[in-house]
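Each remark here refers to the structure printed beneath this line.
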Amino acid sequence: MDILIYGTINSVALALYALGFAMVYGVSRLPNFAHGALYVLSGFITWTMLNSLGLPYIVSIVLTLIITGIIGAMIYQFVLIRVRGMEISEIIASYAIGLAILEGLRWGGFRGVNYTLPAFIAGSTNIAGISVDYQRLLVVAIGAAVVAVLWLFTHYTRIGLALRGMAQDERAAMMLGIDSDLMAVVAMGFGSMLAALAAILLLPLGNVVVEAGYNVLILAIAVCIVGGLGSWMGAVLAAFLIGFAQILTVVYLGAQYQMVVAIFAIILTLILKPSGIFGQQKELEERV
Amino acid sequence: MLEAKGLMVFYENMLALNNVSIKCADNQIVGIFGANSAGKSTLMYTLAGIILDMQKKEAMAGGERITMMGEIRYQGEEISHLKPSLRARKGIILCPERRRIFKESSVIENLRIGGYLASAPQAKKTLAYVFELFPTLKHLQKRIGGFLSGGEQQMLAIGRALMAQPKILLLDEPLLGLSPLMQSNLIHATREICNKMQIAIIVTEQYARPVMPIVDYAFILENGSAVLEGTRQELMDNPDVRSAYFGIEES
């Protein structure tokens with residue numbers, strides 16, 4: 001039972017890590033290696049607003065979402081747009097930005113154990129005899145809501161539909177008047193916002209540390225590769241696969257193997273089915 | 001309405017368009033005929049501005065150098081430096097070769113994505129018109145684009161282009177690979193679109209015969225040059241055109 005509950009919570013957390021990465025990759029084919037850095041950065045932004053500026057928690061959260069979105073959009077607009085379409089350069093450039101942010105934060109003194117965000121609702125409850133704190137339940141609830149909102153957004157709004165059109169055929173989208181550069185910036189903004197949302201929800205469960213940035217990046221990439229790069233719903237399903245695999249490993253082997261699971265999942269997927277379990281383009285080719 | 005003068009396009013050192021001048025007046029269907037590699041698609045990409053995107057991407061990746069010269073005037077305004085999305089905003093909509101529909105989206109989603117530039121009432125009105133023009137699409141609304149037949153995909157591609165509220169519609173080889181019956185359906189639909197929506201249409205095709213009955217004016221491209229032009233009647237009476245593009249040998 002505890003495997004089921006904690007597996008679900010862990011899976012939703014992974015999905016939250018990965019959705020932003022999947023969105024940016026899906027729309028503009030950009031592997032955003034600064035994703036983990038944006039995650040940690042937004043944690044520190046919230047902390048700074050909360051503790052140094054003394055703003056209320058909810059205001060800090062909203063501002064952090066907006067600021068991180070703008071930072072992401074600016075990273076795209078001013079740096080990544082110049083190396084658009086060259087995968088290796090995109091990876092190097094975005095990873096360099098990520099490194100600069102993370103190591104810049106470390107250099108700026110953001111290290112140690114006193115950087116923590118408060119839980120939204122303190123306390124815990126019992127589900128079938130297992131104690132679960134409210135923050136973790138909130139993560140699951142908001143995670144599910146985010147997936148639902150994303151689905152509605154990409155299926156029913158003008159911008160969301162344009163993003164999906166561009167994800168499928170950029171040039172055909174251009175012919176219909178969709179500005180591909182603008183949409184890529186928008187996607188990067190939303191992707192960064194999703195990273196910030198994940199940070200705000202998940203960081204209260206632990207400390208805000210710079211190292212988390214690298215782990216989040218690896219986990220996000222693992223989920224996206226297993227789910228099929230560019231497939232958003234694939235990412236959600238892969239998050240559950242890896243999430244439960246991780247919890248099972250923790251229970252039966254030991255907590256130190258948690259990251260090994262993610263890396264092993266990447267290797268296994270690349271050997272057995274490089275397009276990922278739910279790589280949609282390949283799926284269509286295989287069916288026709 | 002749309003007028004191109006002295007268009008030259010080079011892919012590296014290969015001349016794809018050589019001093020091509022074409023024009024299309026309001027509410028007119030203009031045909032552009034030519035064999036494979038005559039430059040039809042390059043011409044369409046140049047008019048729609050997609051060539052600028054190709055040029056940019058190739059330059060970034062260190063690939064082919066694409067060079068362009070000449071001027072394109074649309075409603076009296078020089079547009080040859082506008083990027084494709086801005087040209088689409090002005091009403092120049094390209095319905096590309098091989099259709100390029102969004103294969104993972106359903107028919108209705110394809111049309112909704114096409115309506116990106118349309119206001120809500122415009123989109124609703126155009127959607128109703130597209131379903132009236134192509135009733136097949138109405139029955140296949142929920143079908144995923146990639147599972148449609150070639151003819152259905154072509155109807156969808158034209159419908160999607162119409163959703164973008166064109167003032168001039170560029171149809172690049174709409175009949176490619178379709179059955180004669182589907183070809184004649186699409187050709188009639190093209191004429192109807194021109195009459196009903198009061199828009200100009202430029203249509204390219206390898207075989208002039210199925211398209212000729214609906215065009216008002218036509219150009220013939222050969223190896224990147226516009227070798228011949230004229231009204232439908234002038235071209236139909238030209239013995240060279242008759243033998244090369246209609247397969248009618250004079251004895």
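Values below: every heavy atom of this structure, side chains too, minus hydrogens, waters and symmetry copies. Worth saying up front: this structure is predicted, and the values here are computed from it rather than measured. Labels below follow one simple rule: chain letters A, B, ... track the order of the sequence lines, proteins then strands, and each chain is numbered from 1.
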**Request:** Quick one: which of A:Leu161, A:Asp181, A:Ile159 has the most heavy-atom pairs under 4.5 Å with chain B, could you say?
**Result:** A:Leu161
**Prompt:** Got a donor-acceptor contact below 3.5 angstrom from the A:Gln168 side chain to the A:Gly165 backbone?
**Reply:** no
**Fill in**
Bottom line for A:Arg84: the part with an atom under 4.5 Å from chain B's heavy atoms is both
**Message:** With no hydrogens and no angle check, just 3.5 Å: does a side-chain donor-acceptor pair link B:Ser105 and B:Asn110?
**Reply:** no
**Message:** Would you say B:Thr126 and B:Gln165 are linked by a side-chain donor-acceptor pair, where the criterion is simply a distance under 3.5 Å?
**Reply:** yes
**Portion of B:Lys90 that has a non-hydrogen atom of chain A nearer than 4.5 angstrom** = neither
**Prompt:** If you measure only the distance, is there a donor-acceptor pair under 3.5 Å linking the side chains of B:Thr42 and B:Tyr11?
**Reply:** yes
**Message:** Given heavy-atom pairs under 4.5 angstrom as the criterion, report whether the side chain, backbone, both or neither of B:Arg87 touches chain A.
**Reply:** neither
**Item:** Interface moiety of A:Met86 toward chain B, non-hydrogen atoms closer than 4.5 Å
**Value:** side chain
**Contact class of B:Met163 relative to chain A, heavy atoms under 4.5 angstrom** = neither
**Message:** Can you see whether A:Tyr156 has B:Arg112 sitting over its ring - NZ or CZ less than 6.0 Å from the centre and within 45° of the normal?
**Reply:** no
